[in-house]
2 protein chains.
Amino acid sequence: MKSNQVTIKDIGRELGISPSTVSRALKDHPDISTETKKAVNALAEKLNYQPNIVALNLRQQKTNTIGVIIPEIVHFFFSTVISGIEDVAYQAGYNVILAQSNESYQREVTDMKALFNSRVDGMLLSLSRETTNFDHIESIISKGVPIVFYDRMYESPTSSKVIVDDYAGAKEAVLHMIDQGCKRIGHLMAAPNLMISIDRFKGYEDALLERKMKVNKEWVTECFSGTFEEGKRATKKLLSLPNPPDAIFANNDPMAMGAMMAIKEKGLKIPQDIAIVGFSNWFFGEVMDPSLTSVDQPGYEMGQEAARMLIKQIEMKGKGEPIIETKILKTKLIIRNSSLKKGKEK
Amino acid sequence: MKSNQVTIKDIGRELGISPSTVSRALKDHPDISTETKKAVNALAEKLNYQPNIVALNLRQQKTNTIGVIIPEIVHFFFSTVISGIEDVAYQAGYNVILAQSNESYQREVTDMKALFNSRVDGMLLSLSRETTNFDHIESIISKGVPIVFYDRMYESPTSSKVIVDDYAGAKEAVLHMIDQGCKRIGHLMAAPNLMISIDRFKGYEDALLERKMKVNKEWVTECFSGTFEEGKRATKKLLSLPNPPDAIFANNDPMAMGAMMAIKEKGLKIPQDIAIVGFSNWFFGEVMDPSLTSVDQPGYEMGQEAARMLIKQIEMKGKGEPIIETKILKTKLIIRNSSLKKGKEK
DNA sequence: CAATTTTTAGCAAACGTTTCCGCTACGCTC
DNA sequence: GAGCGTAGCGGAAACGTTTGCTAAAAATTG
């Protein structure tokens with residue numbers, strides 16, 4: 001950036017007036033005469049003057065930038081969240097600077113520090129899978145930077161969050177499986193320290209209990225990384241049990257797909273022998289064979305909502321207490337063939 | 001950002017020394033005595049001093065930030081590119097600010113202006129599908145901001161680019177289909193103003209010509225948006241032709257999946273009746289039924305390479321002429337079941 | 001026409017750094 | 001003891017803005 005860029009001073013010099021006058025003229029300040037304004041605007045136009053935002057940022061102690069920490073960019077759900085964030089930030093005149101934690105706690109910590117040092121006005125955060133200590137977050141908050149959690153959060157009383165009703169979504173999915181006549185429903189759980197894993201597991205459990213079915217620990221596998229491969233591996237293990245499940249509820253769609261793969265390789269039929277339901281409704285679930293029943297999570301809306309809440313907090317700053325709110329978005333069960341043992345219900 | 005943040009002045013005041021001395025002490029300048037350095041560092045540590053990067057940016061006329069314009073975030077290929085960019089930027093100490101053009105020319109123009117005003121040190125750009133005029137880009141370049149194109153570019157002699165060998169990838173794919181005994185190979189083309197569409201089409205064409213097969217315009221459909229739905233729609237049309245193709249080479253995987261859908265709905269078998277090959281190797285192609293043959297594009301590497309080239313240019317600035325280079329990454333044909341009429345070749 | 005108000009504009013400080021230049025005080029050499 | 005080199009530090013300018021205060025000129029008032 002060797003600035004051959006026009007500044008307010010250049011304009012002033014050219015017109016024989018001071019920088020302050022130019023500044024005011026550009027902002028249509030009443031103190032400035034119409035002629036001066038005209039001259040300034042004309043010259044600014046002609047020289048293609050663009051205000052230096054960095055200088056502005058320094059002056060106003062505000063960067064109009066929000067930092068987004070995302071566990072993994074190459075991930076259908078998260079990428080839709082980013083898209084939602086980006087869209088509302090753009091409309092509100094904010095930049096978004098993106099940092100990827102890669103599911104690493106260490107990286108999350110350094111990312112947050114870096115964002116803080118860049119003086120972002122606020123942060124949007126979804127915890128990494130490894131994160132179990134929250135000091136780095138509290139420290140940022142205590143410095144007055146507003147944080148809004150999305151999707152993966154911990155119970156912090158001082159931040160807003162927008163999440164999805166994982167519990168209800170999971171429960172609905174499992175009830176659906178029961179309605180389809182599944183008797184032995186297994187669950188591929190994800191990283192057990194994440195609330196989303198726990199909530200989905202609880203939904204699974206409560207659906208079973210509600211229908212007076214017992215929860216068989218054997219049929220529940222913890223898959224820390226939550227990947228396709230892990231889903232496949234875990235499913236193979238489940239299938240080799242003496243009393244294997246006749247249905248699997250997976251914590252996410254890639255694992256569900258891994259399960260489908262394992263089942264097909266074993267020569268079993270979906271959903272006749274084993275029904276499958278996933279979570280997140282990755283867009284290609286529709287296109288699988290059989291098409292995958294899944295719990296749809298509104299990622300784009302989540303991104304939008306989180307960005308809106310954050311920007312509201314940023315702009316409320318100094319004007320009264322911040323409003324801490326928690327927004328829970330509804331999921332929607334998308335029923336497709338992988339779970340339709342009986343044919344369409346309802 | 002009501003700065004209750006410690007500054008260099010605070011440290012100076014506390015220690016009874018000047019800000020300049022503090023600055024130097026922190027940077028281990030030889031002019032400063034060891035004791036002073038010790039005292040400064042100790043106090044900085046104690047007060048948890050963090051340099052104000054905004055001030056630094058202003059001072060050094062450099063923001064250590066690169067702007068990335070992406071046509072669409074929710075897109076497997078592009079999200080891997082972002083991931084690659086983010087990783088090398090992070091390691092080199094750069095922030096990445098993300099802007100999504102949403103395939104809109106207007107949005108691309110305003111995004112670039114906004115990034116320029118934020119004084120990013122350079123930009124990474126992939127053209128929107130609508131972009132046919134390049135003045136906005138030339139204008140930025142003429143102001144001395146380095147731009148590196150990735151994936152979608154135009155023939156600008158003044159910028160570096162990193163692309164994928166679309167032509168060779170497409171040709172290889174079509175040759176493979178011919179080897180599998182396909183006689184009537186159709187093509188789902190994407191937006192015809194993008195070089196990648198043209199190059200892939202050329203590869204398709206040349207493969208046919210090389211094997212002395214004629215190119216039947218009837219079998220080539222332009223799909224402007226390149227989506228799943230469009231692929232499906234276009235395929236339906238192809239299938240209703242009096243002399244329908246027995247193979248389809250799609251410009252991208254979603255369209256290939258749309259094609260598979262249409263074919264299945266028609267009751268035809270893949271690959272026996274119709275073979276399918278896609279482009280980009282979206283990660284679930286492996287998991288489809290049948291699994292999808294596709295041309296793998298190294299998105300992550302592309303992101304990395306583009307970021308590296310850009311950062312090199314940024315840091316070379318002022319030191320001699322910028323090096324304009326074009327890097328062409330190799331594709332790789334991933335052969336799966338959707339194209340194996342004969343069984344494994346080679 | 002003098003006094004006062006209004007209009008218009010400039011000065012200077014401030015945001016937090018870095019860095020060029022210069023100053024002081026000390027110790028050394030001859 | 002005069003001259004000089006040097007270690008250690010401070011002053012001030014600069015990056016590009018904004019803004020409170022002040023000042024000059026013009027316009028209004030009685």
Side-chain angles (χ1 to χ4, degrees), chain A residues 1-41 43-44 47-65 116-121 143, chain B residues 1-41 43-44 47-65 116-121 143-144 318:
Chain A
M1 256 186 13
K2 174 174 2 104
S3 221
N4 22 19
Q5 231 1 61
V6 192
T7 77
I8 228 170
K9 290 185 187 173
D10 298 327
I11 299 187
R13 196 176 325 113
E14 189 113 349
L15 255 39
I17 59 183
S18 80
S20 28
T21 306
V22 176
S23 169
R24 277 186 265 248
L26 289 171
K27 325 206 79 187
D28 205 21
H29 189 104
D31 267 11
I32 305 299
S33 72
T34 328
E35 305 139 59
T36 312
K37 279 182 192 164
K38 269 195 190 144
V40 167
N41 281 310
L43 189 58
L47 301 181
N48 189 24
Y49 165 75
Q50 301 289 113
N52 185 319
I53 297 206
V54 178
L56 244 178
N57 289 345
L58 178 61
R59 173 71 223 234
Q60 337 221 85
Q61 302 287 87
K62 176 155 190 323
T63 55
N64 275 279
T65 298
F116 175 76
N117 283 355
S118 295
R119 296 297 192 273
V120 296
D121 293 335
K143 287 184 182 130
Chain B
M1 256 186 12
K2 174 173 4 99
S3 220
N4 22 19
Q5 233 358 64
V6 193
T7 76
I8 228 171
K9 290 185 189 175
D10 299 328
I11 298 186
R13 197 177 323 113
E14 188 113 348
L15 254 39
I17 59 183
S18 80
S20 27
T21 305
V22 177
S23 170
R24 278 185 266 250
L26 290 170
K27 325 208 80 187
D28 205 22
H29 190 103
D31 267 11
I32 306 299
S33 72
T34 328
E35 302 140 60
T36 311
K37 279 182 192 165
K38 268 196 189 140
V40 168
N41 281 310
L43 188 58
L47 300 181
N48 190 23
Y49 164 77
Q50 301 289 113
N52 185 320
I53 297 207
V54 179
L56 244 177
N57 289 346
L58 179 60
R59 173 70 223 232
Q60 338 221 84
Q61 302 287 86
K62 178 155 189 324
T63 55
N64 276 282
T65 297
F116 175 75
N117 284 354
S118 295
R119 297 297 192 274
V120 296
D121 293 334
K143 285 181 183 133

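Note that the structure is a prediction, hence the values are computed from the model and not measured. Numbered from 1 within each chain, the chains take letters A, B, ... in sequence-line order. Just so it is clear, the values below take in all heavy atoms, side chains as well, and ignore hydrogens, waters and symmetry mates.
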**Q** Whole angstrom is fine here: how far is it from NZ in Lys9(A) over to C1' in dA14(D)?
**A** 7 Å

**Q** With sequence neighbours excluded, what pairs up with Glu14(A) under the side-chain hydrogen bond (donor to acceptor under 3.5 Å, both in side chains) test?
**A** none

**Q** How many whole angstroms separate atom CD of Gln60(A) from atom P of dG20(D)?
**A** 12 Å

**Q** In this structure, how many angstroms lie between the P atom of dA14(D) and the CG atom of Asn52(A), rounded?
**A** 17 Å

**Q** Partners of Ser23(A) by side-chain hydrogen bond (donor to acceptor under 3.5 Å, both in side chains), sequence neighbours excluded?
**A** none

**Q** Return the value, rounded to whole Å, for the distance between atom CD of Gln61(B) and atom C1' of dG16(D).
**A** 8 Å

**Q** Enumerate the salt bridge (charged side-chain N to carboxylate O under 4.0 Å, His left out) contacts for residues 18-36 of chain A, please, sequence neighbours excluded, ordered by first and then second residue.
**A** Asp28(A)-Lys37(A)

**Q** Just jot down the salt bridge (charged side-chain N to carboxylate O under 4.0 Å, His left out) partners of Asp10(B), sequence neighbours excluded, or say none.
**A** Arg13(B)

**Q** To the nearest Å, give me how far apart CG (Leu58(A)) and P (dG16(D)) are.
**A** 12 Å

**Q** For Lys62(A) and dC15(C), is the shortest distance between a side-chain N/O and OP1 or OP2 below 4.0 Å?
**A** no

**Q** Are side-chain N/O atoms of Asp121(B) and Thr63(B) paired as donor and acceptor at under 3.5 Å?
**A** yes

**Q** Using atom CG of Asp121(B) as one end and atom P of dC15(D) as the other, report the distance to the nearest whole Å.
**A** 18 Å

**Q** Please report, rounded to the nearest Å, how far the C1' atom of dG16(D) is from the CZ atom of Arg13(A).
**A** 12 Å

**Q** Enumerate all atom pairs, one protein N or O and one N or O from nucleotides 6-10 of chain D, separated by less than 3.5 Å.
**A**
residue	atom	partner	partner atom	Å
dC9(D)	OP1	Thr36(B)	OG1	2.7
dC9(D)	OP2	Ser33(B)	N	2.9
dC9(D)	OP2	Ser33(B)	OG	3.1
dC9(D)	OP2	Thr36(B)	OG1	3.1
dC9(D)	N4	Asp31(B)	OD2	2.9
dG10(D)	OP2	Ser18(B)	N	3.0
dG10(D)	OP2	Ser18(B)	OG	3.3
dG10(D)	OP2	Thr21(B)	OG1	2.3
dG10(D)	N7	Arg24(B)	NH2	3.4
dG10(D)	O6	Arg24(B)	NH2	2.6

**Q** In chain order, what residues pass the side-chain hydrogen bond (donor to acceptor under 3.5 Å, both in side chains) check against Ser18(B), with sequence neighbours excluded?
**A** Ser20(B), Thr21(B)

**Q** Determine: side-chain N/O of Lys27(B) to OP1/OP2 of dT17(C), distance under 4.0 Å, yes or no.
**A** no

**Q** Could you state the CG-C1' distance from Leu56(A) to dC15(D), rounded to the nearest angstrom?
**A** 13 Å

